[in-house]
Number of protein chains: 2
Amino acid sequence: MTHSEENYLKAIFHLSRQGTGTISTNAIAEQMDTKPSSVTDMLKRLSDKDLVNYKKYQGVSLTETGRYSALAIIRKHRLWEVFLVEKLDFTWDEVHEIAEQLEHINSEKLIDRLDTLLGHPKFDPHGDPIPGKNGEFKERDKELLSKMPVGGKGVCVGVKDSSATFLKFLDKNQIALGQQIEVLDKEEFDNSMHIRIGGEQLLVSHQIASNLYLKPSEES
Amino acid sequence: MTHSEENYLKAIFHLSRQGTGTISTNAIAEQMDTKPSSVTDMLKRLSDKDLVNYKKYQGVSLTETGRYSALAIIRKHRLWEVFLVEKLDFTWDEVHEIAEQLEHINSEKLIDRLDTLLGHPKFDPHGDPIPGKNGEFKERDKELLSKMPVGGKGVCVGVKDSSATFLKFLDKNQIALGQQIEVLDKEEFDNSMHIRIGGEQLLVSHQIASNLYLKPSEES
DNA sequence: ACAAATTTTTAGAATCACCTAAAAATAACC
DNA sequence: GGTTATTTTTAGGTGATTCTAAAAATTTGT
């Protein structure tokens, strides 16, 4: 598989686990910052290799093999991200670009050893789950902060938008994975939320709140 | 720079620091396991980018920039090899292929951090020197075992042939970098050598002896 | 359901990196 | 020094990945 093919599979996988229903050529083109015509070309090639199910004008989906391959790449990407943060002291906003390159390195032994070195982590630095060696993958239990009720509590477990700008904003405001967050109040006007985080109080906009995932604590 | 361009620069660099004089199209083709016509194509492209000095039928050499780029790639290759051996417990015969991929990862910060993690190593697992961040590079003082006189002593510091077969042979015979070796006798007949290594005595063929580098100990 | 808007695909071209086969230049030999 | 042999280059072609522009299919709006 070429780097390009791998990138397409990854994109299709990501789109299929958020977007609703079938995946359009345009959506892939946008995600990958390329032209729809290029996408069509690639879809044909991936279809020839039985990595996707593709019928003209009808959208795409991954085949069993395609999904498996996509998960393998995502596994590599996320393990490398953990490596960069844990072993090389990168910050969580710096790792994505480098991992985009490292994810294409081909060596099963390398990934196995890396996994061991890192202690078989289950989540990457952004809180996203790391697929298992045999393609096991399940999303973690989580809820957007913006959807939590007033009085709700939870632990910050991930971000939806993982752009460097957003991550840097979080760092600046001392918001990090693993931190306890409590919803104190919601403003009707703009849906911004008053939250308590690490002893401090903070007012966050709706846009922030709808990009932060919490694992809700059980309420009695 | 593309991966392929990087590989050509590396090949030219390696050829220029063993072969005598100018580097031929054929030599590059052989080194890279490709056809001479492909080499010519690439040399034109590299010449356009001022990475090599190239005149038809006259052979090639690296420009200042070309040499600098080649050293940067070799630096990456060798640092990754150290990483694989030191941190992921690979053996010295396994690391080359993986490092061939890793050497193309583009991130200065990544390499700086890796260098720090590894404690700024000066030599890779095969005893080859690691170029400095700013292109400093000098070969270590060494001599082929086959050229040592009877009675000569030295420390094993590198191999000429670094193929997996040869390296595995060395492992099997407990020959490793850093080990003290003494030449006990030479056989006239086939130039094989009796050596003492780590308490043991061993008879090695000329072919073995002419692929092992020693740093000769000062004799008085 | 039909025209308009949008999405998707085709057609044709460019670039990179490789190939084969043939031509041109250089080197080697008597 | 001229003929061979070798090396190197050109010419032309292939596959992968991208693009633009135009055509075809689908969806939307009324």
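Within every chain, numbering begins at 1; the chains are lettered A, B, ... in the order of the sequence lines, protein sequences first and strands thereafter. Source: prediction; values computed, not measured.
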request  = By nearest nucleotide on DNA chain D, pick out whichever of A:His3 and B:Lys56 is the more 5' one.
outcome  = B:Lys56
request  = State whether a side-chain donor-acceptor pair under 3.5 Å links A:Asn53 with A:Thr63.
outcome  = no
Which pairs, protein N/O on one side and nucleotides 20-23 of chain C N/O on the other, fall under 3.5 Å?
residue	atom	partner	partner atom	Å
C:dT20	O4	B:Ser37	OG	3.0

query = Is B:Ser4 near enough to C:dC16 that one of its side-chain N or O atoms lies under 4.0 angstrom from OP1 or OP2?
reply = no
Electrostatic pair B:Glu139:B:Arg17 at N-O distance under 4.0 angstrom = yes
ask   = For A:Phe90, is the NZ or CZ atom of B:Arg113 found under 6.0 angstrom from the centre of its six-membered ring and inside 45 degrees of the ring axis?
value = yes
ask   = Under 4.0 Å between a side-chain N or O of A:Tyr8 and OP1 or OP2 of D:dT18?
value = yes
request  = Sorted by first residue and then second, give each salt bridge (charged side-chain N to carboxylate O under 4.0 Å, His left out) pair with at least one member in residues 121-132 of chain A; sequence neighbours left out.
outcome  = A:Arg78-A:Asp124
message = Using the ring centroid of each side chain, check whether B:His77 and B:His96 are separated by less than 6.0 Å.
response = yes
ask   = If you look at every strand shown and take non-hydrogen atoms under 4.0 Å, does B:Thr40 touch a base, only sugar-phosphate, or nothing?
value = base
remark   = Rounding to the nearest 10°, end axes of the helix from C:dA1-D:dT30 to C:dC30-D:dG1 built from five pairs each make an angle of 0°
task = Could you tell me the separation between the CD1 atom of A:Ile23 and the P atom of C:dT8, rounded to a whole number of Å?
result = 12 Å
